[in-house]
Amino acid sequence: MRMNFTRMARACCAALLCSLLGAGSAAAEPLLTQGIGTSNCGRLAGDIKPGEGLTNPVNLMAYSWAQGYISAANIALVEADGKHVDMGQLDENRVLNLLLTFCKANPDKQPLGALNDYLRKTAKVRIKWEKGTIDWNQ
């Protein structure tokens, strides 16, 4: 099972990279190579177009990046106090508009500020969790 997942993950990453590099507009190319998390909101706000959905390569990259960021935050949250954010509420429209709204209001900041604000303010779901059960140092 693990081997199949690894092969599938690699294939998905390769397909995503090929589609992003092949489908990007000239204006979006630096974002695609630089990455969303290190981008400036002033630049990102001009390239996110929620109405285009995930067919827009910048939208796809921003949405994927946000899912990864929230997932990582959830690990920290459950390890700290057994709570996490329900990612089922974060569809593409909500995430893209969250990023766009934040970035338009804060062009000099980075988009991770939008996700950090969301993480601080959104309701958390308590789960049964035994601290220290994630052991990546084996």
Side-chain angles (χ1 to χ4, degrees):
M1 180 72 168
R2 175 176 244 179
M3 182 65 80
N4 289 339
F5 176 75
T6 303
R7 285 184 191 154
M8 185 169 57
R10 286 184 187 149
C12 287
C13 287
L16 177 63
L17 283 174
C18 288
S19 69
L20 288 175
L21 294 175
S25 69
E29 283 183 35
L31 278 176
L32 297 178
T33 57
Q34 177 185 6
I36 299 297
T38 60
S39 299
N40 176 294
C41 263
R43 171 70 200 287
L44 185 60
D47 289 331
I48 290 182
K49 296 174 179 42
E52 294 180 12
L54 298 181
T55 60
N56 175 309
V58 173
N59 290 354
L60 177 60
M61 191 170 174
Y63 181 64
S64 298
W65 168 78
Q67 285 184 317
Y69 191 89
I70 300 288
S71 293
N74 272 340
I75 295 295
L77 287 168
V78 297
E79 278 292 304
D81 63 1
K83 296 179 194 170
H84 74 288
V85 170
D86 178 9
M87 289 183 60
Q89 301 174 24
L90 293 172
D91 64 18
E92 68 188 64
N93 190 47
R94 185 164 186 191
V95 169
L96 295 173
N97 281 301
L98 177 80
L99 291 171
L100 183 59
T101 300
F102 178 86
C103 284
K104 281 184 174 180
N106 302 282
D108 58 327
K109 295 187 179 178
Q110 291 182 312
L112 62 93
L115 300 182
N116 287 335
D117 284 350
Y118 177 80
L119 286 162
R120 274 190 293 276
K121 295 174 184 175
T122 195
K124 311 296 183 297
V125 178
R126 180 164 297 285
I127 60 172
K128 185 177 179 186
W129 186 263
E130 189 177 326
K131 245 183 188 177
T133 57
I134 299 175
D135 188 5
W136 289 318
N137 288 324
Q138 291 184 354

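The CD atom of Q67 sits 10.0 Å away from the CD atom of E92 when rounded to the nearest 0.5 Å. Put simply, CG on L100 and NZ on K49 are 9.5 Å apart, with the number rounded to the nearest 0.5 Å. The structure places NZ of K124 at 9.5 Å from CG of N74, a figure rounded to the nearest 0.5 Å. Atoms CG and CG, on L99 and D47 in that order, are 12.5 Å from each other to the nearest 0.5 Å. I75 contributes atom CD1, which lies 12.5 Å from atom CD1 of I70 (distance to the nearest 0.5 angstrom). Distance NZ/K104 to CD1/I48: 10.0 Å, rounded to 0.5 Å.
Paired with L98 under the rule side chain to side chain contact (heavy atoms under 4.5 Å, CB included), one option of D117, N93, L115 passes, and it is L115.
Residues N40 and P107 share a closest heavy-atom pair of OD1-O, 2.6 Å. Heavy-atom minimum distance, S39 versus P111: O-CD, 3.2 Å. When every heavy atom of R94 is checked against every heavy atom of D91, the shortest pair comes out as N-OD1, 2.8 Å.
Side chain of T122 to main chain of Y118: no donor-acceptor pair is present (N/O by atom type, distance under 3.5 Å, no hydrogens or angles). With hydrogens and angles disregarded, no donor-acceptor distance shorter than 3.5 Å links the side chain of K128 to the backbone of G82.
Residue pairs meeting the ring pair (Phe, Tyr, Trp, His ring centres under 6.0 Å) criterion with at least one partner in residues 62-112, sequence neighbours excluded, are W65-Y69.
Shown here are the salt bridge (Lys or Arg N to Asp or Glu O under 4.0 Å) partners of D86, two or more places apart in sequence or in another chain: there are none.
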